[in-house]
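The structure under discussion appears below in the form of structure tokens.
Bear in mind the structure is a predicted one, so any value in this text is a computation, not a measurement.
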Amino acid sequence: MLLFCLGTMLIPSLSFWLFNAFLMFSDLTGKPQFITKYRIQLGKNEPVDADKLKHAAITVFCNQIFLSLPMVLLMYPVMQWRGNPCGPELPTFHWVLLELSVFVLVEEILFYYSHRLVHHPALYKHIHKKHHEWTAPVGVVSLYAHPLEHIFSNMLPSMVGPMLMGSHVATIMLWFCLALITTTISHCGYHLPFLPSPEFHDFHHLKFNQCYGVLGVLDHLHGTDLVFKQTKAFERHILLMNLTPLSQSIPENTKKSK
């Protein structure tokens, strides 16, 4: 159990906080300029409100300690029932790629529909409104959520895939690290070179009723990205392969979102 918690909780959490420590330093100080010049919503969080950021960070830490950790402990007997998650033999590279593909698809389905559910008027003001306090998000806000949302939208979509596949703890560790880093990038507020584009989810925080998923596949099928596709943000939703900020090469000028 200690090995399982090390791989599924401690190491992923360390990767999350180390990455976010760097981002929070940039958010609070505006330095280094190499990072801050890639800001998506210009004029927002320059600098971020320190008290608001502190509150968000404390909430995230509490979510991890009082919700994520117990869920990982409950996950352990399920993984034992499925096999030996901490066995000495590591899975093959090709099998890990297959598992990661399954995890991504499962997460897309569960996150999209749970996310749309908490946007229902009956639930939004009681649960999801907390997350949307940040219309211009920062990295640590990725896990800033009401306890129920943290359980059903943040944790379960990532946990179900490994439980279905009976995965090894090494694969789960890799997946949780990737999931936490990716959601941090999606919320960080900077469209950085050579990293996945955060424009899709940043637009969701800006407009609320667009871009509910992770990959965008279900948004395309359900038509919940139609407004996004008419904006400059959609044109900027690419992998930046040079050092010129997309806010400069594709500025907000003539085209306005509806």
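If you chain together hydrophobic residues whose side chains sit under 4.5 Å apart, L100 and V217 fall into the same group.
Ring centers of F208 and H128: at least 6.0 Å apart, outside the cut-off. Between H131 and H205, the ring center distance clears the sub-6.0 Å criterion. Separation of the H126 and H146 ring centroids does not fall under the 6.0 Å cut-off. You'll find the ring centres of H222 and Y112 inside the 6.0 Å limit.
Within the structure, the salt bridge (Lys or Arg N to Asp or Glu O under 4.0 Å) test picks out the following pairs touching residues 33-43 (sequence neighbours left out): R39-E46.
Within the model, atoms NE2 of H191 and CG of L239 stand 7.0 Å from one another, a figure rounded to the nearest 0.5 Å.
Between the side chains of K229 and H220, a donor-acceptor pair is found at a separation under 3.5 Å. Neither side chain, H115 nor S153, offers a donor N or O lying under 3.5 Å from an acceptor on the other. Side chains of W175 and E107: no donor on one and acceptor on the other come within 3.5 Å.
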Working for side-chain contact (heavy atoms from CB on, under 4.5 Å), residues L246 and S249
CA-CA 5 Å; L246 285 168; S249 57; 3.4 Å; yes

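Judged purely by atom type and a 3.5 angstrom limit, R236 uses its side chain to pair as donor or acceptor with the backbone of I250.
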